[in-house]
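Worth saying up front: this structure is predicted, and the values here are computed from it rather than measured. As the structure lists them, so they are numbered: ligands from 1, and atoms in each ligand from 1.
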Amino acid sequence: MSRLVVISNRVALPKDVRAGGLASAMQSALAETGGLWFGWSGRLVDEGERTLQRLGDGRVDFALLDLTREEYARYYLGFSNRTLWPLLHFRPSLLDYSRDDFAGYRSVNRLFAEHVARLLQPGDRVWVHDYHLIPLGAELRALGVDAQIGFFLHIPLPPRELLAILPHHEHVFSALAAYDLVGVQTSADLDALTRYFQVEYGATIADGQAVHLPDGRRFRAAAFPIGIDTGRVARAAERAANGAATRRLVTSLEHRRLAIGVDRLDYSKGLPQRFEAFGRFLSRHEEWRAKVSLLQIAPPSRSDVPEYRELRSRLERIAGATNGRYAEPDWVPIRYVNRSFNQATLAGFYRAADVGLVTPLRDGMNLVAKEFVAAQPADDPGVLVLSSLAGAARELTQAVLINPHDPDDIVDALREALAMPLHERRERWSAMMDHLRRHDITYWRNTFLEALADT
Ligand code: ADQ
């Protein structure tokens with residue numbers, strides 16, 4: 001089988017213990033066929049000190065490229081995370097555009113392409129990941145690369161009207177036509193993509209998937225909802241149930257109930273709304289005071305971006321106010337923890353929880369929702385409360401679905417979840433678990449790579 005070359009902003013090395021499902025899916029794909037994973041090293045250097053670090057054993061290799069501080073500021077913090085991220089998450093009011101950032105984004109994509117082009121071998125298949133690297137395929141083509149190249153967008157794709165808000169959007173999104181296959185998370189994202197090409201470029205769409213441009217370019221687009229390593233999460237949760245971390249958590253609850261949220265600290269995750277709703281739940285349902293806690297695990301991310309720092313102080317204020325108002329000497333409503341845990345520990349925490357609160361304002365998929373379900377014990381499963389605006393809601397239809405913009409919806413869902421009879425919890429859980437077992441991360445990776453091979 002031909003070698004696989006994976007390109008993403010960050011690379012997960014085999015020794016990375018915090019690596020999640022995506023990292024292990026890529027690593028196992030690379031292990032099967034041999035290959036290379038290319039991305040930013042995470043190091044910032046001065047101009048002229050850039051290195052390309054090579055690791056691996058010759059069968060599975062890693063190539064890690066340094067960036068300068070200027071490139072990091074423009075490509076990563078600027079255009080990727082202050083322009084594309086808010087826009088693609090339906091938040092145009094947070095969009096911060098600058099021509100210099102856009103130029104930086106393009107030049108890092110070109111830089112990546114130049115390095116990758118030198119590392120490619122005849123017959124390689126290339127798989128590019130996510131919004132940081134949309135123009136990479138076109139840059140590779142400009143360098144004469146004729147390998148099969150696929151692209152997967154992990155975050156949502158909003159309707160054309162929103163995409164068109166981005167200055168010079170045509171220079172960004174038309175680059176998708178350079179790929180043989182463009183994968184998105186849901187059929188809604190796929191509709192947005194095909195519609196954008198129809199309206200902006202007069203493309204015609206055959207079989208709902210083949211996009212033909214009037215200039216003769218063509219590519220295939222399809223939805224590939226990403227999954228998790230369902231079996232691994234389930235086994236990890238079972239093992240962790242008796243581990244020290246889960247036992248300490250359970251003991252600390254003293255038979256009270258537990259709702260859990262686990263998210264990167266990001267404004268797309270709806271954390272202020274979740275905290276507010278939990279406070280409202282306690283205010284409205286006195287009978288639940290001192291009977292249930294919310295454990296929110298939220299490690300800071302992108303703290304060099306001002307919106308993320310503001311979010312952090314906002315959450316501290318709401319958690320502080322809610323705790324000040326309702327806490328008892330022996331009970332705190334919101335346990336707010338700003339650090340990350342390894343996947344096994346998280347799996348144990350999910351299993352110990354009665355309710356998983358996953359309430360993003362917008363999310364490409366949301367793997368935490370899937371991990372929460374996979375970690376539940378079959379005989380006494382917890383209840384997933386899930387935002388209908390997360391990609392995962394299209395598959396996990398047996399969750400208690402809510403609109404995160406309506407705090408009362410979250411309040412009602414919490415009450416319903418905490419009171420749900422065992423037979424109903426089991427019924428909902430088995431349907432979701434069946435789906436997750438059939439559509440796991442290996443299925444996702446294989447369907448994408450098979451579709452790429454078919455292009
Ligand atoms: P993210 O926005 O990072 O991913 P999500 O899918 O929920 O969102 O999480 C990714 C992984 O990070 C999960 O495996 C989760 O367990 C882990 N994680 C989250 N918080 C953690 C913590 N506190 N400690 C340790 N691990 C933690 C983007 C898109 C999503 C899409 C994924 C995959 O925004 O919509 O589902 O990519 O395509």
Side-chain angles (χ1 to χ4, degrees), residues 6 8-10 12 16-26 80-81 84-86 88-91 127-133 151-158 183-186 188-189 223-230 232-233 236-237 240 245 260-271 274 295-302 308 311 315 335-351 353 356-375 384 386-387 389-396 436 439-441 444-445 448:
V6 176
S8 56
N9 176 58
R10 292 306 302 273
D16 189 351
V17 291
R18 268 185 292 177
L22 178 67
S24 55
M26 290 303 124
S80 294
N81 286 321
L84 288 178
W85 179 271
L88 271 56
H89 282 87
F90 295 65
R91 302 288 289 276
W127 191 355
V128 180
H129 289 265
D130 230 359
Y131 60 102
H132 317 85
L133 301 175
F151 175 82
F152 186 77
L153 183 68
H154 289 260
I155 67 177
L157 199 70
V184 290
Q185 299 273 25
T186 68
D189 303 320
F224 302 91
I226 193 168
I228 55 167
D229 191 339
T230 312
R232 189 169 93 156
V233 174
I260 191 169
V262 175
D263 311 74
R264 274 185 312 100
L265 225 166
D266 191 297
Y267 53 75
S268 66
K269 304 293 182 185
L271 294 168
R274 191 180 305 167
L295 169 61
Q296 176 63 54
I297 295 174
S301 77
R302 305 176 195 165
Y308 288 73
L311 172 69
L315 286 170
R335 301 179 178 192
Y336 178 39
V337 185
N338 282 138
R339 50 167 283 212
S340 57
F341 292 86
N342 65 42
Q343 295 286 310
T345 308
L346 284 181
F349 290 174
Y350 293 141
R351 195 180 180 93
L357 266 185
V358 183
T359 58
L361 304 178
R362 199 54 80 165
D363 220 325
M365 178 54 61
N366 195 297
L367 296 181
V368 170
K370 294 186 169 182
E371 290 161 359
F372 175 82
V373 171
L384 175 65
L386 176 61
S387 164
L389 303 175
R394 290 165 176 265
E395 295 168 81
L396 303 178
L436 294 180
H439 301 90
D440 68 358
I441 188 78
W444 172 77
R445 182 252 276 178
F448 185 91

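The shortest N or O to N or O distance between Ile155 and ligand 1 is not under 3.5 Å. For ligand 1, the polar-atom distance check against Glu371 finds a nitrogen or oxygen pair separated by under 3.5 Å. Taking only nitrogen or oxygen atoms, main chain and side chain alike, Tyr350 does not reach within less than 3.5 Å of ligand 1. Remark: ligand 1 and Leu367 share an N or O pair separated by less than 3.5 Å (distance only, no angle test). Checked against a 3.5 angstrom limit, the closest N/O atoms of Gly364 and ligand 1 fall inside it. Checking only distances, Asp363 does come within under 3.5 Å of ligand 1, N or O to N or O. Taking only nitrogen or oxygen atoms, main chain and side chain alike, Asn366 reaches within less than 3.5 Å of ligand 1. The shortest N or O to N or O distance between Phe152 and ligand 1 is not under 3.5 Å.
Here Arg302 pairs with Asp266 under the salt bridge (charged side-chain N to carboxylate O under 4.0 Å, His left out) rule; sequence neighbours left out.
Listed here is the closest heavy atom pair of Pro225 and Glu395: CB-OE2, 3.4 Å. Of all non-hydrogen atoms in Ser387 and Ala393, the two that sit nearest each other are O-CB, 3.4 Å. The two residues Tyr267 and Arg91 come nearest to each other via the heavy atoms O-NH1, 3.5 Å.
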Audit row: Asp440, Ile228, side-chain contact (heavy atoms from CB on, under 4.5 Å) steps and yes/no: CA-CA 5 Å; Asp440 68 358; Ile228 55 167; 5.9 Å; no
When you look at Asn9 and Asp130, which way does the side-chain contact (heavy atoms from CB on, under 4.5 Å) test go after all the steps? CA-CA 8 Å; Asn9 176 58; Asp130 230 359; over 6 Å; no
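Under the 30°/60° scheme for interplanar angles, the aromatic rings of Phe152 and Trp127 are found to stand perpendicular.
The ligand atoms of ligand 1 that sit less than 4.0 angstrom from a heavy atom of Arg264 are 1 (P), 2 (O), 3 (O), 20 (N).
Contacts of Leu346 with ligand 1, taken as heavy-atom pairs under 4.0 Å, involve the side chain alone. The part of Ile226 lying near ligand 1 is the side chain, judged by heavy-atom distances below 4.0 Å. At a heavy-atom distance under 4.0 Å, only backbone atoms of Arg339 (N, CA, C or O) approach ligand 1.
For the pair Gln343/Val233, no side-chain contact is recorded, criterion being any heavy-atom separation below 4.5 Å from C-beta on.
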